[in-house]
Amino acid sequence: MHVLLLKEPRDGESAPDPYIKELASQGHKATLIPVLSFKFVSLNTLSNKLLQPEKYGGLVFTSPRAVEAVKKCLEAGEGSEEWNNSVRDKWNTKSIYVVGKATAALVQNLGLNPLGEDTGTAEILSRIIIEREDTNSPPLFFPCGSIKREVLPTALRENGVPLETLTVYQTAEHPDLEKNLKNYFREQGIPASIAFFSPSGVNFCLEVVQRLSGEELRHIKFAAIGPTTQDAMIAKGLCVSCTAEKPSAEHLAAAIAKALQESPTSHSA
């Protein structure tokens with residue numbers, strides 16, 4: 001059956017997207033349509049902060065894009081030698097917190113040792129941070145996006161854990177989103193399942209998906225990558241058929257395959 005993934009492709013990876021691969025192994029044909037576009041900002045400020053690990057108690061990354069911003073700073077040559085010679089090791093004496101496996105893998109590529117890759121949400125990560133961190137320690141440094149949710153900053157603030165945030169990327173709707181969705185529905189028809197990967201994705205795509213699906217909307221199995229996205233879908237009145245147990249290709253593919261199996265639809269394979 002056809003599955004539509006509303007997510008960003010993995011940057012710089014020529015291998016097939018792990019979500020497409022996992023769904024193919026379950027016998028489903030997945031197509032990926034990028035939903036968001038990103039613009040990096042404040043990279044000079046970020047570079048300066050990265051070279052001052054002594055000022056911070058550790059780092060927090062809740063998205064692959066934030067790690068990408070760090071990578072951009074290091075690739076620009078500003079302080080990359082310093083980073084390799086001493087700064088990276090200094091950060092590694094501190095806690096480097098991450099949400100999810102994708103972010104953890106990118107953090108490891110920077111030579112840092114991530115904590116929390118099995119946490120699927122900012123809520124769970126914030127609980128781990130609160131347990132581990134001292135309220136008297138220097139602030140954790142949190143590079144983030146312009147539309148980050150306030151869950152983690154609020155939880156840490158309420159528990160007295162100091163945090164310093166810096167917006168390093170801005171999120172907007174992908175310029176070709178509507179055109180790509182129209183082409184997909186015209187060429188492939190109505191998918192058996194549609195997976196959302198972020199609340200922003202729900203906000204940017206849903207109205208177009210509803211318009212293109214028409215009466216068939218109620219037959220589509222809607223899937224969420226995690227509880228935050230699920231909440232955003234429910235808030236928009238969508239019936240969520242399944243949510244991945246953890247934000248990984250294996251867990252999402254398994255959830256979608258199960259949902260499609262439980263309720264066969266009339267969609268062609």
Side-chain angles (χ1 to χ4, degrees), residues 3-11 17-19 30-42 60-69 72 98-103 106 119-126 142-155 165-182 184-185 191 193-213 217 220 222-244 246-249 251-252 255-256:
V3 178
L4 176 57
L5 304 171
L6 297 170
K7 73 182 283 285
E8 289 17 87
R10 292 270 177 101
D11 285 343
D17 186 273
Y19 289 87
T31 304
L32 189 150
I33 292 181
V35 174
L36 309 172
S37 67
F38 300 96
K39 182 184 164 202
F40 292 102
V41 294
S42 310
V60 180
F61 294 107
T62 58
S63 74
R65 293 297 145 184
V67 189
E68 209 182 306
K72 276 196 175 311
V98 299
V99 169
K101 285 190 169 21
T103 304
L106 292 172
T119 61
T121 65
E123 286 90 335
I124 297 169
L125 182 66
S126 60
F142 179 29
C144 54
S146 55
I147 53 175
K148 71 172 188 312
R149 291 168 69 245
E150 291 302 320
V151 172
L152 187 134
T154 303
T165 60
L166 176 70
T167 298
V168 294
Y169 65 92
Q170 289 168 343
T171 307
E173 182 179 317
H174 192 284
D176 297 327
L177 177 62
E178 187 161 352
K179 183 184 83 183
N180 291 341
L181 281 169
K182 280 179 179 167
Y184 175 86
F185 275 78
S193 175
I194 297 179
F196 284 103
F197 287 74
S198 67
S200 318
V202 178
N203 292 337
F204 293 147
C205 296
L206 189 55
E207 190 264 326
V208 185
V209 166
Q210 285 169 326
R211 200 168 66 233
L212 293 169
S213 306
L217 187 79
I220 298 171
F222 284 98
I225 190 62
T228 308
T229 302
Q230 176 190 290
D231 292 347
M233 292 160 75
I234 292 167
K236 293 276 186 183
L238 265 190
C239 174
V240 180
S241 299
C242 62
T243 301
K246 287 182 180 174
S248 74
H251 287 94
L252 185 71
I256 291 174

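Note that NZ of K182 is 5.5 Å distant from CZ of R211, once rounded to the nearest 0.5 Å. One finds the CG atom of L5 at 7.0 Å from the CG atom of L252 (value rounded to the nearest 0.5 Å). One finds the CD1 atom of I194 at 4.0 Å from the CD1 atom of I220 (value rounded to the nearest 0.5 Å). Separating the CG atom in L238 from the CG atom in L217 is a distance of 6.5 Å, to the nearest 0.5 Å. Here the straight-line distance linking atom OH of Y184 with atom CG of L212 works out to 11.5 Å at 0.5 Å rounding. Rounding to the nearest 0.5 Å places CD1 of I147 at 7.0 Å from OG of S198.
The minimum heavy-atom distance between T228 and P199, with the atom names listed, is CG2-CG, 3.9 Å. Minimum interatomic distance between A66 and V168 (heavy atoms only, all atoms of both residues): CA-CG2, 4.2 Å. Between T121 and P227, the closest heavy-atom pair is CG2-CG, 3.5 Å.
Counting only heavy atoms from C-beta outward, the side chains of I256 and V3 approach each other to under 4.5 Å. Annotation: side chain of T229 is in contact with side chain of V202 (closest heavy-atom distance under 4.5 Å). The closest side-chain heavy-atom distance from N203 to E173 is not below 4.5 Å. In this structure, S63 and C144 have side chains that are not in contact, with every pair of non-hydrogen atoms separated by 4.5 Å or more. By the 4.5 Å heavy-atom criterion applied to side chains, L106 and V98 are not counted as neighbours. The shortest distance between side-chain heavy atoms of E68 and F40 falls below 4.5 Å. Residues V60 and L125 meet the side-chain proximity criterion, which asks for heavy atoms closer than 4.5 Å. Side chains of S42 and L166 form a contact here, defined as non-hydrogen atoms less than 4.5 Å apart.
The backbone N or O of V35 lies less than 3.5 Å from a partner atom in the side chain of E8, making a donor-acceptor pair. Using modelled atom types, no side-chain atom of T103 and backbone atom of T62 make a donor-acceptor pair closer than 3.5 Å.
The side-chain contact (heavy atoms from CB on, under 4.5 Å) test with L32 is passed by exactly one of D17, L6, N180: D17.
Note: F222 and F196 have parallel aromatic rings, judged against thresholds of 30 and 60 degrees for the angle between ring planes.
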